[in-house]
Undergrad: 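Here it is: the structure, laid out below.
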Protein chains: 2
Amino acid sequence: MFRRGGMTMSLSEPAWSLHPQLAATTRVAGDLPLCRVLAADDANFPWLLLVPRRLGAVEIIDLDDAQRMQLMAEIAQVSAALKQLTACDKLNVAAIGNVVPQLHVHVVARWKRDAAWPKPVWGAVPPMPYASGELESLMERLRRAIPLT
Amino acid sequence: MFRRGGMTMSLSEPAWSLHPQLAATTRVAGDLPLCRVLAADDANFPWLLLVPRRLGAVEIIDLDDAQRMQLMAEIAQVSAALKQLTACDKLNVAAIGNVVPQLHVHVVARWKRDAAWPKPVWGAVPPMPYASGELESLMERLRRAIPLT
């Protein structure tokens, strides 16, 4: 173990970091105890992602029992907040990961009038960037609903 | 409470039953403590579904905390068995429910050489019925891997 820049590091365990493809298409809303919470820059659907900060996790079954229980608790917490904030018709919750291998769980608010309904969101319609300030506003309301750090 | 045909029924709580659209496109593999486990009749991908036997559940957040923890445990159990049985490249796990409202969780084995890769499976390619006996064989191997009743 050694310390660099105030962080305790281990030579045998490289630090977790967010996959660049996730970082490129989302904004960071904050952290829950297990997961980094991201918001996709796609105004078609309010779309959050939970990324467990566990190095090398690809599948849900790569997490241990306690981590899986915590993942489910955080999925429920984020789902309830997103439903309350958006008054959506349906939540879509999914761990796919065929393109970006780092384990991430999508939590997407859907409406019967949205651009892709009833199809799943992946690849259904081109992403539509939010107007200035709108994604920040969604994340600010999310931060008031759940305790992100 | 009254008894009919050997089952204890309650007049105030109608019995849970599998949604007809799920019943029509799958075979029942058996029950875990919370979920009925189904196998989709689609030879494109080994594709299981977990359906919590809880009346009226549409979203994961319609389950209580203990049921959600049990759902995660059963997702992990079925995922590990499916991965072991198929030697797949990736698991896709999702609760979508835009078409069939009864809460159900897909657990799908994916390969980089499969008919839809890397797209999600829903609506990607037409279902291809299994050859005679193949789906029964998958379910039989599943029953040997996890304790379905």
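Order of the sequence lines fixes the chain letters, A, B, ..., with proteins taken first and strands second; residue numbering starts at 1 for each chain.
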Undergrad: Considering only heavy atoms, which portion of B:K83 lies under 4.5 Å from any heavy atom of chain A: side chain, backbone, both, or neither?
TA: side chain
Undergrad: Report which part of B:I96 has an atom under 4.5 Å of a heavy atom belonging to chain A: side chain, backbone, both, or neither.
TA: both
Undergrad: Side chain from CB out, backbone as N, CA, C, O: work out which of these in B:V58 comes under 4.5 Å of a heavy atom of chain A, or both, or neither.
TA: both
Undergrad: Following the transitive rule for hydrophobic clusters with a side-chain heavy-atom cut-off under 4.5 Å over Ile, Leu, Val, Met, Phe, Trp and Tyr, establish whether A:L34 and A:V105 coincide in one cluster.
TA: yes
Undergrad: Could you state whether B:L49 and B:L18 fall into the same hydrophobic cluster, counting links through intermediate Ile, Leu, Val, Met, Phe, Trp or Tyr residues with side-chain heavy atoms under 4.5 angstrom apart?
TA: yes
Undergrad: Evaluate the side-chain proximity of A:E59 to B:K90: yes if any heavy-atom separation is below 4.5 Å, no if none is.
TA: yes
Undergrad: A:L148, A:L22: one ILVMFWY side-chain cluster at the under-4.5 Å cut-off?
TA: no
Undergrad: I need the B:I75 CD1 to A:L71 CG distance, nearest 0.5 Å.
TA: 9.0 Å
Undergrad: For the CE atom of A:M72 and the CD atom of B:Q70, what is their distance to the nearest 0.5 Å?
TA: 10.5 Å
Undergrad: Where is the tightest heavy-atom contact between B:P118 and A:V99, given as atom of each residue plus distance?
TA: CB-CG2, 4.1 Å
Undergrad: Check whether A:W117 and A:W47 end up in the same hydrophobic cluster, where Ile, Leu, Val, Met, Phe, Trp and Tyr are linked by side-chain heavy atoms less than 4.5 Å apart.
TA: no
Undergrad: Which heavy atom of A:M69 sits nearest to which heavy atom of B:A73, and what is that distance?
TA: CE-N, 4.0 Å
Undergrad: Side chain, backbone, both or neither: which part of B:L91 has an atom under 4.5 Å from a heavy atom of chain A?
TA: both
Undergrad: Does B:L103 share a hydrophobic cluster with A:V93, counting links as ILVMFWY side-chain heavy atoms below 4.5 Å and allowing steps through other members?
TA: yes
Undergrad: To the nearest 0.5 Å, how far apart are CD1 in A:I61 and CD in B:Q84?
TA: 10.5 Å
Undergrad: Side chain, backbone, both or neither: which part of B:R110 has a heavy atom under 4.5 Å from chain A?
TA: side chain
